[in-house]
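To start, the structure itself, in structure tokens.
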Amino acid sequence: VQLQAFGGGLVQAGGSPRLACTASGRTFSSYTTGWFRQATGKERQFVAAINWSGSSTVYADSVKGRFTIARDNAKNTMYLEMDSLKPEDTAVYYCAGDPRSTWSRPEYGYWGQGTLVTVSS
């Protein structure tokens, strides 16, 4: 499994960029995937996850109501729609997944390279 994240860059506060994560392998549509982020000097934190069909999602409290996770299994792609960005959202955003991952027991053995989102005030 190979994951690649795209879509980062410099964004003004209040902006609404969309991140994308493409995955290799035919099993992408069968497992839970998620987004994480890591700000400079801080630990990596969970952002959002989505189950294999897209019918279930979960968000960190810090992004709930502002970010939306989605997936298009036909394109082997997961998205993170970000809205009302704040400077504290500045971080490297990583996508992650694992063919062993289920909704009840998520696992994240494979990680994309990360894409930097910088929010200017």
Side-chain angles (χ1 to χ4, degrees):
V1 176
Q2 288 187 324
L3 303 171
Q4 284 191 299
F6 303 92
L10 179 62
V11 184
Q12 286 191 332
S16 303
R18 184 177 75 165
L19 305 183
C21 173
T22 59
S24 65
R26 297 181 179 180
T27 63
F28 174 78
S29 60
S30 66
Y31 56 88
T32 292
T33 51
W35 289 96
F36 294 75
R37 68 184 181 185
Q38 186 168 20
T40 301
K42 295 187 177 181
E43 293 186 353
R44 186 173 59 199
Q45 64 176 188
F46 169 80
V47 174
I50 187 167
N51 75 331
W52 67 274
S53 68
S55 62
S56 295
T57 58
V58 62
Y59 297 91
D61 287 344
S62 58
V63 306
K64 197 174 296 182
R66 299 188 299 121
F67 291 8
T68 302
I69 189 171
R71 66 192 298 156
D72 184 340
N73 288 337
K75 297 181 179 180
N76 273 18
T77 302
M78 176 178 65
Y79 302 97
L80 186 67
E81 301 268 4
M82 309 166 75
D83 194 19
S84 303
L85 281 180
K86 307 174 183 179
E88 51 263 43
D89 293 316
T90 294
V92 177
Y93 284 74
Y94 299 90
C95 56
D98 195 306
R100 299 167 298 180
S101 184
T102 65
W103 190 241
S104 58
R105 298 185 65 180
E107 296 190 33
Y108 299 104
Y110 297 88
W111 294 79
Q113 82 284 8
T115 184
L116 175 62
V117 176
T118 303
V119 184
S120 63
S121 58

(request) Taking salt bridge (charged side-chain N to carboxylate O under 4.0 Å, His left out) as the test, write out the residues that go with Lys64, two or more places apart. (result) Asp61

(message) Do Cys95 and Thr33 make a side-chain contact, defined as non-hydrogen atoms from C-beta onward lying under 4.5 Å apart?
(response) no

(message) Filter on ring pair (Phe, Tyr, Trp, His ring centres under 6.0 Å), then keep only pairs touching residues 65-95, sequence neighbours left out; what's left?
(response) none

(request) Please tell me if the side chains of Ile69 and Met78 come closer than 4.5 Å, counting only heavy atoms from C-beta onward. (result) yes

(message) Please enumerate all residues that pass salt bridge (charged side-chain N to carboxylate O under 4.0 Å, His left out) together with Glu81, with sequence neighbours excluded.
(response) Arg18

(request) Side-chain contact test, heavy atoms from C-beta onward, threshold under 4.5 Å: evaluate it for Thr68 versus Tyr59 and give yes or no. (result) yes

(message) Let me confirm one number: the OG-CG distance from Ser101 to Asn51, rounded to the nearest 0.5 Å.
(response) 10.0 Å

(request) Any chance you could measure Trp35, atom CH2, to Ile50, atom CD1, to the nearest 0.5 Å? (result) 11.5 Å

(message) Show every ring pair (Phe, Tyr, Trp, His ring centres under 6.0 Å) that has at least one partner inside residues 99-121, sequence neighbours left out.
(response) Phe36-Tyr108, Phe36-Trp111

(request) Report yes or no: is the cationic atom of Arg71 (NZ for Lys, CZ for Arg) under 6.0 Å from the centre of the six-membered ring of Phe28, at an angle within 45° of the ring normal? (result) yes

(message) When you compare the side chain of Val117 with that of Arg37, does any pair of heavy atoms fall below 4.5 Å?
(response) no

(message) If you define the side chain from C-beta out and look only at heavy atoms, does anything of Thr22 sit under 4.5 Å from Asn76?
(response) no

(request) Check salt bridge (charged side-chain N to carboxylate O under 4.0 Å, His left out) between Arg100 and all other residues, then give those that pass, not counting sequence neighbours. (result) Asp98, Glu107

Side-chain donor/acceptor pairs under 3.5 Å, residues 2-16, sequence neighbours excluded:
| from | atom 1 | to | atom 2 | distance (Å) |
| --- | --- | --- | --- | --- |
| Ser16 | OG | Asp83 | OD1 | 2.6 |

